[in-house]
Amino acid sequence: MYTIIFATGNKNKMIEIREILSELDAEIISMKEAGIDIDIDENGTTFEENAVIKARAVANALPENLKDAIVMADDSGLEVDAMDKAPGVLSARWMGEDTSYRIKNAKIIENLKDVPVKDRTARFVCAVGAAMPDGTDLVVRGVIEGRIGYEERGENGFGYDPIFMLPDMSVSTAELSMEEKNKISHRGNALRAMLKELRTVLN
Ligand code: ITT
């Protein structure tokens, strides 16, 4: 059995990640549980760069007893086509890190007030990076396509989920159960791609 440390400070991500990786014969430990509390400068310009920066920063800070662990990190965000793909890699920081998602989501809806359904296309992107104990890095990407809704809908999920509708505009990802969301989400797709990659590398 191997140990995976997940380098995220986002509790909601961690809940989804645990569920997606639950079938794996591995011990999943959050950064906090590993006793690592560092500030990471996410200064990359792509999701992939930032995912690797986060994973490597935590791998470099591992205590001796966890040196053989694989460190993974997720860098994710929302690309709105009618906003030139903003907020993109800045999704967590857009309009200020501490601004509520009620306000951020309202701003996106306002920005798109004259945009017809066909042009409301958007996607959630997730890059998952893995810092391997031998010093090599792996990185994969997962995506889910959708459209920006006209109002917030649903109570599940987090962040931009209440305004992210499936392409047919039937439901938002905040109206899906966590299991339903994980089956089709950017994070689910990226983590499943990473597991495939790991199986090749570790065998
Ligand atoms: P860590 O860097 O510690 O992992 P973070 O929240 O800062 O946590 P990111 O830099 O990857 O993470 O920013 C991702 C942001 O994109 C996140 O805060 C949400 O606003 C948004 N986001 C990502 N995945 C999402 C999802 O599944 N549903 C809704 N919003 C999501």
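Counting from 1, the numbers follow the sequence of the chain as shown. Just follow the structure's listing: the first ligand is 1, and inside any ligand the first atom is 1.
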Taking only distance into account, with no hydrogens and no angle test, what donor-acceptor pairs under 3.5 Å do side-chain atoms of residues 70-83 form with protein atoms, sequence neighbours excluded?
unit_1: Asp74; atom_1: OD1; unit_2: Lys13; atom_2: NZ; d: 2.8
unit_1: Asp74; atom_1: OD1; unit_2: Ser76; atom_2: OG; d: 2.9
unit_1: Asp74; atom_1: OD2; unit_2: Arg187; atom_2: NE; d: 2.5
unit_1: Asp74; atom_1: OD2; unit_2: Arg187; atom_2: NH2; d: 3.4
unit_1: Asp75; atom_1: OD1; unit_2: Lys54; atom_2: NZ; d: 3.1
unit_1: Ser76; atom_1: OG; unit_2: Arg187; atom_2: NH2; d: 3.0
unit_1: Glu79; atom_1: OE1; unit_2: Arg123; atom_2: NH1; d: 3.2
unit_1: Asp81; atom_1: OD1; unit_2: Arg123; atom_2: NH1; d: 3.1
unit_1: Asp81; atom_1: OD1; unit_2: Arg123; atom_2: NH2; d: 3.3
unit_1: Asp81; atom_1: OD2; unit_2: Thr121; atom_2: OG1; d: 2.8
unit_1: Asp81; atom_1: OD2; unit_2: Arg123; atom_2: NH2; d: 2.8

key: Glu23 and Arg18: CA distance, side-chain angles, deciding distance, salt bridge (charged side-chain N to carboxylate O under 4.0 Å, His left out) verdict   = CA-CA 9 Å; Glu23 66 193 64; Arg18 278 193 199 286; over 6 Å; no
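Protein residues are said to neighbour a ligand when one of their heavy atoms lies under 4.0 Å from it; for ligand 1 these are Thr8, Gly9, Asn10, Lys13, Glu42, Lys54, Asp74, Asp75, Ser76, Gly77, Ser91, Ala92, Tyr101, Phe124, Phe158, Gly159, Tyr160, Asp161, Lys181, His186, Arg187.
Side-chain contact, Glu152 with Asn105: a donor N or O sits under 3.5 Å from an acceptor N or O.
Checking Asp41, Asp137, Asn43 one by one against Ile53, the side-chain contact (heavy atoms from CB on, under 4.5 Å) holds for a single residue, Asn43.
Ring geometry, Phe124 versus His186: the interplanar angle falls under 30°, so the pair is classed parallel (tilted spans 30 to 60°).
Side chains of Ser30 and Met14 form a contact here, defined as non-hydrogen atoms less than 4.5 Å apart.
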